[in-house]
Amino acid sequence: MITPTSSRAQSLVSRGSSSTMQKMGMCKQGLRGLRTCLSRSTPSSIGQGGRRGGQCLWAPAQEQTGVRGLVTSMAAAASGDAAEQKFDYDLFTIGAGSGGVRGSRIASSYGAKVAVCELPFDFKSSDRLGGVGGTCVLRGCVPKKLMVYASEFADHFHDSRGFGWSPAESIQHDWTHMLEAKRKELTRLNNAYKNTLGNAKVDLIEGRGKVVDAHTVDVDGKRYTAKHIMIAVGGRPTKLDIPGAEHTITSDDALELSRRPDKITVIGGGYIAVEFSCIFHRFGSDVHLVFRQPMPLRGFDEEVRKFTTDQYAASGLQMHPFMTPAEVKKQPDGKLTVVLNAKDGSKVEIADNDQVLMATGRAPNTKNLGLEEAGVQLGPKGQVIVDEYCRSNVPSISALGDVIDRIQLTPVALMEGMALARTVALNEPTKPNYEAVPSAVFSHPELAGVGMTEEQAVQAHPNLDIYTSSFRAMRNTLSGSPLRCFMKMIVDADTHVVLGAHMVGDHAAEIMQGFAVAVKMKCTKEQIDSVVGIHPSSAEEFVTMRSISRKIRGGQPA
Ligand SMILES: Cc1cc2nc3c(=O)[nH]c(=O)nc-3n(C[C@H](O)[C@H](O)[C@H](O)COP(=O)(O)OP(=O)(O)OC[C@H]3O[C@@H](n4cnc5c(N)ncnc54)[C@H](O)[C@@H]3O)c2cc1C
Ligand SMILES: NC(=O)c1ccc[n+]([C@@H]2O[C@H](COP(=O)([O-])OP(=O)(O)OC[C@H]3O[C@@H](n4cnc5c(N)ncnc54)[C@H](O)[C@@H]3O)[C@@H](O)[C@H]2O)c1
């Protein structure tokens, strides 16, 4: 059973043990009041930066041993448990990415004394560099989406002609301007996240964290003890071990290129491969997408995959299915040739690339983290093996986010962080709820879905009604874009509950976030049908799909 010092402190406060608090010279308002009292009398230095290398950057000295120290010793005094005093912190988090920041901040808000360590900031990650905000903010969701926004203007300018606009032929994109604007925004976000931690009274320690034992973390030579350790170190891009891999780039590099590649080959068929292919393609690069499967985006609904693949082809992306990368060769002129093994055994070459992007997956950052030495069980990819409460086999060590390799999405890491905060700081063991997690691929066209794919639904429900709709969005009637929209709803024919909803088309992510509520709440098809549409919109199609496209009965097409 988890019994954090902080939860005792909390219950002490809620029980109103004012005598203990008064003995310790505290305010009567309890923990929150105590913080307010001290912060009023303490000039705030949060956010003013500070020393590096294992030193607390943001919390003033009084706070490092002050308020939070009192939280621990208050609990110790109350419980008479001398062992409580030996920990510097209730919770020590390694990694200030999406999950680490959220988990630390929320645990602190519950009264725990929390520290988080994070590598120094850089736009590209390495064993020694990272930065507060983590992958999503600095090398993932945010810079990627900024690049998506930047690239989609190309289509807007093109499409505007159909509506009577004559964009100047000389219209140009300034890559350097975009790069600098992106870097400025990421630097702002990095500081904003630091301030968030400071405001939440979480001690931020800059440096590389390493687990020493079940209750000790080393940060660049300085040791900290903690009742709980949270591993939130995320992952990093990997490259295939093929000859010439050193000539290729990863997604970190792709977000930092100093100029647009005229020609790029992207290896992989997952989220990153597809999203970056579409970004570069919209910017005008000649893009070749290489993957082993017949279609990219394995794991998505097969019909949606097929539709999306056709749309990518219609938009001009050059796709190379059934191809296994064998080698990357540097040409005498410095350009790159990708050598592929085709399914029939022949070799195919894609020459004259300015860049070759390897988007073949990510690996958990558990190398040299001291976990195995501390007895923590790791999986074959190096992921931390955790139970349904995100706890490892060592009871004081938990892990969340990409490092556990469950669902590598920011909102999932946030959810796990919030659950873990409750578990360790409030002593309320809380499981993250992975039901109906929506996701989107920010490709062109965009794709998003929630709930089951048809393939998953067939396994779990023998009788299904499948509703689909494919249409040309109104915008594209005049724009001339060949792209179409696709929507799909998978309904349990026995209960009429909507099991899954999927969309390909403009604003799919925005639209499906709303439908995710309906799917998670187990709405029936009748309830969806009872909703009045918003006209004219693409989204209204979801509430007007009345004809069943396909029936499945007893697991077979009917
Ligand atoms: C290109 C790309 C695009 C993405 N797009 C999306 C998207 O659109 N939507 C979405 O939901 N998800 C997206 N993701 C996934 C998302 O970024 C991750 O799921 C999310 O960041 C995971 O959060 P985390 O807290 O587990 O890890 P991270 O955010 O990776 O944070 C881990 C932190 O730990 C630090 N660290 C590592 N080792 C140590 C150490 N020893 N000591 C101290 N600190 C350490 C790292 O520097 C890092 O800051 C994308 C990912 C990539 C790569
Ligand atoms: N929009 C989003 O939400 C978003 C965007 C980007 C990334 N992400 C998250 O980041 C994670 C990582 O993304 P990713 O695209 O790197 O990983 P991924 O697992 O989605 O895709 C990896 C791709 O590499 C291919 N591959 C693996 N080994 C290979 C080999 N030996 N030869 C050829 N191909 C090989 C796989 O078949 C797959 O197509 C995703 O799982 C996703 O959860 C999310």
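Just so you know, ligand 1 is whichever comes first in the structure, and atom 1 is the first atom listed for that ligand.
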Atoms of ligand 2 close to [X] [distance to a heavy atom under 4.0 angstrom, numbered from 1]:
X: R362; result: 12 (C)
X: F442; result: 1 (N)
X: G269; result: 23 (C), 38 (C), 39 (O)
X: K144; result: 1 (N), 5 (C)

Any [X] heavy atom less than 4.0 Å to ligand 1:
X: G207; result: yes
X: S125; result: no
X: R362; result: yes
X: F276; result: yes

> Excluding sequence neighbours, so at least two apart, what forms side chain to side chain contact (heavy atoms under 4.5 Å, CB included) with L119?
Replying inline: R208
Any nitrogen or oxygen of [X] lying under 3.5 Å from a nitrogen or oxygen in ligand 2? Just yes or no.
X: T324; answer: no
X: G268; answer: no
X: G270; answer: yes
X: E275; answer: yes

Ligand 1 and [X], any nitrogen or oxygen pair closer than 3.5 angstrom?
X: E275; answer: no
X: G131; answer: yes
X: G140; answer: no
X: S98; answer: yes

Is ligand 2 under 4.0 Å from a heavy atom in the side chain of [X], in the backbone, in both, or in neither?
X: A359; answer: backbone
X: S251; answer: neither
X: I267; answer: neither

Between [options], which one has a non-hydrogen atom sitting closest to [atom]?
atom: atom 18 (C) of ligand 1; options: V412, D402, T135, D218; result: D402
atom: atom 26 (N) of ligand 2; options: R406, M358, M323, R292; result: R292
atom: atom 21 (O) of ligand 1; options: C136, A440, G100, G235; result: C136
atom: atom 39 (C) of ligand 1; options: N368, N365, V233, L255; result: V233
atom: atom 45 (C) of ligand 1; options: L119, V437, D122; result: L119

> Tell me the salt bridge (charged side-chain N to carboxylate O under 4.0 Å, His left out) pairs involving residues 288-303, sequence neighbours left out?
Replying inline: D301-K488, E302-R305, E303-K488, E303-R550
>> Surrounding NE2 of H247 (heavy atoms of other residues, nucleotides or ligands, distance under 6.0 Å), is the total greater than 12?
In response: yes
> Within 4.0 Å of atom 43 (O) of ligand 2 (strictly less), any protein heavy atom?
Replying inline: yes
